[in-house]
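Whatever order the structure lists them in is the order used to number ligands and atoms, beginning at 1. Position 1 is the first residue of the sequence; numbering continues from there.
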Amino acid sequence: MENNTAPWSQLEAAAAAALSKAYAPYSKFRVGAAALTTEGRLISGCNIENAAYGVTLCAECAMVGELFAGGGGKLQYFLCLGQLEDGAVALITPCGRCRQLLFEHRAPGMEVQTDTGVLSMEQLLPYAFGPNDISL
Ligand code: THU
């Protein structure tokens with residue numbers, strides 16, 4: 001971003017809007033993920049649960065679907081919000097599977113906002129298996 005201004009408030013608003021659309025009747029834990037691509041495109045997604053619990057789609061999965069539905073790209077900034085049943089909203093760090101998803105589609109230097117500050121994907125998923133490991 002220009003002027004060194006990271007778009008965290010914009011991403012928080014997008015993630016909050018996304019989590020309000022979550023389908024989470026089982027865990028009752030709503031999640032909204034939002035990212036800005038290197039091209040400045042804002043994408044978001046919510047979690048979509050299933051009666052077969054293991055089939056649940058995390059918010060990040062839906063967000064990556066939107067990334068590709070809109071033409072693809074690389075993620076520059078990302079954050080994820082979770083909402084408890086009592087309404088309390090907080091930043092969450094992505095689950096392990098979603099760290100792998102984010103690793104694949106990250107731009108170099110992608111920043112992830114967490115409750116302990118901004119982290120890199122390399123910090124969130126050290127020693128990651130990625131495209132390089134299969135010579136892509
Ligand atoms: N969840 C996400 O959407 N993203 C994460 O990174 C962590 C977990 C969802 C899955 C499930 O619907 C609910 O949160 C409780 O685990």
TODO: Would you kindly specify which portion of Ser27 sits under 4.0 Å from ligand 1, judged on non-hydrogen atoms: side chain, backbone, both or neither?
DONE: side chain
- [ ] Using a strict cut-off of less than 4.0 Å between a Lys/Arg side-chain nitrogen and an Asp/Glu carboxylate oxygen, indicate whether Glu122 and Arg106 qualify as a salt bridge.
- [x] yes
- [ ] Indicate yes or no: does an N/O atom of Asn47 lie under 3.5 Å from an N/O atom of ligand 1?
- [x] yes
Open item on the list: Taking distance alone, with N or O pairs closer than 3.5 Å, would you say Ile92 contacts ligand 1?
Closed with: no
Task: Shortest reach to atom 1 (N) of ligand 1 by a heavy atom, considering only Cys58, Pro25, Cys95 - done: Cys58
TODO: From the options Val31, Thr56, Leu57, Leu102, select the one whose nearest heavy atom is closest to atom 10 (C) of ligand 1.
DONE: Thr56
TODO: Provide, to 0.1 Å, the distance between atom 4 (N) of ligand 1 and the closest protein heavy atom, together with that atom's residue and name.
DONE: Glu60 OE1, 2.9 Å
Open item on the list: What protein heavy atom lies closest to atom 3 (O) of ligand 1? Include the residue and the distance to one decimal.
Closed with: Ala59 N, 2.8 Å
Task: Minimum heavy-atom distance between Phe78 and Pro94, given as atom pair plus value - done: CE2-CG, 3.7 Å
Please tell me if the side chains of [X] and [Y] come closer than 4.5 Å, counting only heavy atoms from C-beta onward.
| X | Y | result |
| --- | --- | --- |
| Glu66 | Ser44 | yes |
| Gln76 | Thr37 | no |
| Glu49 | Pro25 | yes |

Open item on the list: Please determine whether any non-hydrogen atom of Pro94 lies less than 4.0 Å from an atom of ligand 1.
Closed with: yes
Task: Contact bool for atom 16 (O) of ligand 1 (protein heavy atom, d < 4.0 Å) - done: no
Task: Main-chain N/O of Gly72 paired with Arg41 side-chain donor or acceptor, under 3.5 Å - done: yes
- [ ] Check each atom of ligand 1 against the heavy atoms of Glu49 and keep those under 4.0 Å away; list them by number with element.
- [x] 11 (C), 12 (O), 13 (C)
Task: Val64-Tyr77 co-clustered via ILVMFWY side chain contacts under 4.5 Å - done: no
